[in-house]
Amino acid sequence: MRTGRPELLAPAGSYKGVIAAASAGADAVYVGGSRFGARAYARNLSEEELLSAMDYLHIRGKQLHLTVNTLLKNRELEDLYEYIAPLYEHGLDAVIVQDLGVLSFLAEQFPGLALHASTQMTVTGLSGVRILETLGVNRVVLARELSLQEIGQICRNTDLEIECFIHGALCYCYSGQCLMSSLLGGRSGNRGRCAQPCRLAYEVHRSEKTGQGRKGNAGHLPLYPLSPRDICTLDSLPELLEAGVTSLKIEGRMKRAEYTAGVVSIYRKYLDLYEEKGSDGYRVDRKDMETLEKLYTRSGFSGGYLKQYNGPGMMTLRKPDYNTSDEAFYSQFRKRYVEGKNQEKINGKLKLFKGFPATMELEHDTARVCLSGELVQEAVRQPLSREKVEAQLRKTGNTPFVFGTLDIEMDPDVFLPVQELNTLRRDALEQMERELTERFYRTIPVKRKEKGSRSFIQEAGSDEGREPLLTVSVENQDQLTQAVRTREVSDIYVSDRMIPDQKEREALLHMVQLCRKQQKRVFLLMPPVFRRRTEERYRALLPALEDAGFDGIVVHTVDELGFLKENGYPGEIRSDYSLYAMNDRASGLLQSMVSEDTVPVELNYKELLRRDLSGSELLVYGYLPLMVSAQCVEKNTGSCTRDQKGLMLKDRYRKYFPVQKDCRECINVIYNSAPLWLADCEEKIRALGVKSIRLSFTCEDRNKTRQILDAYVRSFYRREPQVCPFPDFTRGHFNRGVE
């Protein structure tokens with residue numbers, strides 16, 4: 001567990017934002033550069049601005065963290081070295097990453113650079129933290145859905161730095177698990193281009209897809225069931241600090257500099273208050289809350305997930321009321337924190353003795369500068385007065401410094417030209433500036449050659465003659481029965497949802513026996529997220545899985561992977577597409593820990609041709625999950641019934657999106673309105689050289705499951721052209737991809 005003064009981490013979407021954050025009291029600032037950041041539509045900083053921002057912050061004892069928290073394609077990974085190298089050389093403090101390939105690359109190429117695992121990695125537990133530590137991560141930004149108890153348990157059991165969001169916008173979905181913007185509009189949140197479809201209105205239907213029946217909307221008004229309020233944790237700050245959090249993060253790189261300044265200044269005030277008086281003397285002034293509300297709110301604030309698992313009080317539900325103020329209100333923060341000089345106090349000593357060079361010593365923290373000038377002369381007419389000398393030296397102008405203490409030792413009858421005093425002051429201040437910035441500079445490493453690079457380009461249309469294996473994932477008994485009866489199916493993934501709360505061992509044994517009779521291998525498909533209570537359930541479940549004879553487990557997250565590794569699970573481990581392997585390096589890293597990875601659904605055909613798929617599985621059918629959320633649409637728009645009846649969201653285009661309620665895990669999974677269908681792309685998929693293809697069944701009944709299985713068998717194993725049986729279907733990103 002880390003101890004010490006917690007870091008206040010502030011956002012900046014521009015160079016002005018950096019100044020505002022630092023001036024208002026942030027200890028570190030996180031920014032995006034021209035590439036690879038999760039806020040592609042923010043102004044972001046040019047390379048020149050990044051270098052200047054680093055110097056600006058380092059002089060003031062603060063840090064710069066760079067967001068490289070998007071998933072990178074193979075061709076982009078090749079450009080990463082040239083992007084990071086000059087920043088690394090200049091003293092970049094940390095990089096925030098989501099992509100496992102990026103993490104591996106930076107750890108190898110840039111020794112000493114702090115690597116922070118983004119909240120986009122969906123880390124919810126200690127197992128995820130520990131496995132990331134083995135990969136070179138220094139800090140983990142936890143999923144925003146965690147409670148104070150979960151955060152404290154993690155902090156107490158790791159020496160890694162732990163970062164949590166404390167203020168700003170909140171995603172409806174577990175960050176990194178959202179494909180809604182991507183699949184509906186081609187703008188990927190994993191690529192920094194989220195279009196925020198969660199902020200739109202939807203009708204909630206508690207009926208079948210036809211939309212007939214009772215709506216969940218009072219008065220038939222559109223609801224905003226996916227739009228959370230912004231969070232404000234000012235009241236919970238002492239508890240977060242006592243939990244052991246290293247870094248407190250404010251969201252808002254898309255917002256103006258004045259917003260950043262205002263929010264940071266208030267959180268700085270209360271962090272200092274806690275440090276001075278502790279929790280007993282900690283009280284939040286209502287006026288400060290009003291200021292935060294005026295700076296920006298979305299239908300008021302909630303306290304986030306720290307003290308509640310979910311609930312309607314965290315949501316806007318009705319049309320969001322965006323509260324912002326006029327320019328007169330913002331101008332107070334602009335004048336004080338953006339346009340102000342924000343100069344560092346330094347201590348100075350000047351010595352003026354006849355016959356000796358004038359000397360100036362500067363001191364700031366651990367930095368010391370000593371400079372000599374011209375010989376001091378005896379005054380012929382008007383000797384220098386101490387007052388005049390001090391007044392001249394204190395003219396630090398637009399430099400980063402201002403004198404705190406200034407000691408002057410001098411003979412009473414000395415003379416030195418004013419110009420020489422100015423030169424001595426200027427040179428000393430410039431040397432102090434270099435001293436404070438260049439201590440962070442590094443020698444740029446020689447670029448290491450890729451070891452056994454997996455990147456290649458497959459010849460389009462080629463056919464190596466190897467048929468891909470056919471894998472099927474199922475959510476219910478009818479789907480399992482149909483999959484078992486299909487000769488061509490080799491492996492079956494059984495959803496965790498099919499394991500009852502009672503008689504787990506009997507149910508697991510029955511599944512294995514059913515599959516073994518038809519020579520099928522059987523794997524358990526773990527839940528989309530792995531929270532503390534799920535971990536407790538799996539500690540008891542693992543022995544039962546082994547006893548029943550399961551061949552392996554498919555994991556969704558680093559937490560699940562870490563959990564299985566820590567517990568010495570002996571079976572085969574595979575990773576699903578939510579453990580993203582967008583590039584060959586990420587795939588290679590994953591395949592060093594699992595037997596097979598699943599290709600992310602955001603790569604198009606041309607990009608797939610450029611990725612080594614020989615050890616990977618490709619999803620070719622299924623209703624793709626758009627969101628995985630700790631919120632519950634039914635509970636937030638009515639009441640929690642814990643039934644599994646149909647629930648639909650209807651958008652402005654009259655599309656219906658199924659909502660799956662997993663009440664044991666207390667999560668909602670929102671699926672696409674149309675299934676992915678690639679049965680008629682058999683030749684292209686065969687040319688990719690994938691190890692296996694997967695059909696993912698979720699809401700299909702027995703007959704539809706049979707129909708789809710037959711269509712894919714005829715297409716891939718009998719070479720018979722197929723027509724999609726659905727009136728509405730999607731190619732996903734197979735053709736169009738994402739930016």
Side-chain angles (χ1 to χ4, degrees), residues 7-34 39 41-66 93 167-168 249-272 287-288 290-297 323-346 364 391 393-404 406 422 425-426 429-430 432-433 436-437:
E7 172 190 89
L8 181 57
L9 179 59
S14 65
Y15 191 81
K16 281 186 177 180
V18 173
I19 295 173
S23 302
D27 300 298
V29 183
Y30 68 102
V31 302
S34 59
R39 289 291 182 269
Y41 299 115
R43 249 195 76 193
N44 293 319
L45 279 72
S46 66
E47 183 177 313
E48 183 180 349
E49 287 176 320
L50 285 172
L51 298 176
S52 296
M54 261 184 270
D55 288 343
Y56 182 91
L57 293 171
H58 287 161
I59 287 169
R60 292 158 178 82
K62 304 174 187 296
Q63 293 190 348
L64 185 77
H65 301 172
L66 180 69
D93 297 289
H167 193 92
K249 187 171 194 172
I250 296 167
E251 183 277 338
R253 283 201 292 125
M254 295 288 286
K255 295 186 175 71
R256 59 195 294 172
E258 293 86 349
Y259 166 87
T260 298
V263 174
V264 169
S265 66
I266 290 175
Y267 275 89
R268 177 78 274 155
K269 170 184 174 180
Y270 285 95
L271 283 172
D272 293 344
K287 290 182 179 179
D288 291 322
E290 290 173 355
T291 298
L292 289 173
E293 290 167 359
K294 288 180 181 179
L295 283 164
Y296 185 88
T297 62
N323 182 22
T324 57
S325 295
D326 56 25
E327 285 302 315
F329 176 78
Y330 287 115
S331 67
Q332 61 180 307
F333 300 104
R334 180 168 57 253
K335 290 176 181 177
R336 183 173 179 181
Y337 298 113
V338 182
E339 298 173 350
K341 289 183 178 181
N342 187 24
Q343 293 172 303
E344 283 290 287
K345 287 185 178 180
I346 57 175
H364 178 70
L393 290 180
R394 288 190 178 276
K395 294 179 179 179
T396 56
N398 290 321
T399 70
F401 307 109
V402 63
F403 282 105
L406 180 57
N422 292 340
R425 180 200 65 221
R426 184 184 65 246
L429 293 177
E430 287 177 355
M432 175 58 77
E433 188 170 346
L436 291 173
T437 56

Specify the closest pair of heavy atoms between [X] and [Y], including all atoms of both residues, with the distance to one decimal.
X     : Y      : answer
Ala12 : Val29  : CB-CG1, 3.6 Å
Ala10 : Val264 : CB-CG2, 3.5 Å
Gly32 : Leu66  : C-CD1, 4.1 Å
Gly13 : Leu45  : C-CD1, 4.2 Å

Under the side-chain contact (heavy atoms from CB on, under 4.5 Å) test, which residues partner [X], sequence neighbours left out?
X      : value
Ala22  : Tyr56, Leu57, Lys62, Asn342
Arg256 : Glu258, Tyr259, Glu327, Tyr330, Arg334
Leu436 : Ile59, His364, Ala367, Phe401, Met432, Arg439
Ala20  : Ala257, Ala261, Val338

Would you say Ser331's side chain and Ala328's backbone share a donor-acceptor pair under 3.5 angstrom?
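A pair under 3.5 Å: yes.
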Counting only N and O atoms by type, is there a donor-acceptor contact under 3.5 Å from the side chain of Glu47 to the main-chain atoms of Gly33?
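Checked: no pair found.
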Under 4.5 Å between any side-chain heavy atoms of [X] and [Y], yes or no?
X      : Y      : result
Asp27  : Gln63  : no
His58  : Asp93  : yes
Pro400 : Arg60  : yes
Leu429 : Arg426 : no
Leu50  : Leu64  : yes

Test side chain to side chain contact (heavy atoms under 4.5 Å, CB included) on His167 and Leu292 and set out the steps.
CA-CA 10 Å; His167 193 92; Leu292 289 173; 4.1 Å; yes
Look at the aromatic rings of Tyr337 and Phe333 and report parallel, tilted or perpendicular, splitting at 30° and 60°.
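Parallel, since the angle between the ring planes stays under 30°.
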Quick one: salt bridge (Lys or Arg N to Asp or Glu O under 4.0 Å) partners of Asp288, sequence neighbours excluded?
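Partners of Asp288 by the salt bridge (Lys or Arg N to Asp or Glu O under 4.0 Å) criterion, ordered by chain and then number, come out as Lys269.
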Mind checking what makes salt bridge (Lys or Arg N to Asp or Glu O under 4.0 Å) contact with Arg394, not counting sequence neighbours?
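By the salt bridge (Lys or Arg N to Asp or Glu O under 4.0 Å) rule, Arg394 matches Glu390.
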Applying the side-chain contact (heavy atoms from CB on, under 4.5 Å) test to Ile250, which of Thr260, Leu8, Leu9 qualifies?
Leu8
Are there over 12 heavy-atom neighbours, none belonging to Glu290, within less than 6.0 Å of that residue's CD?
yes
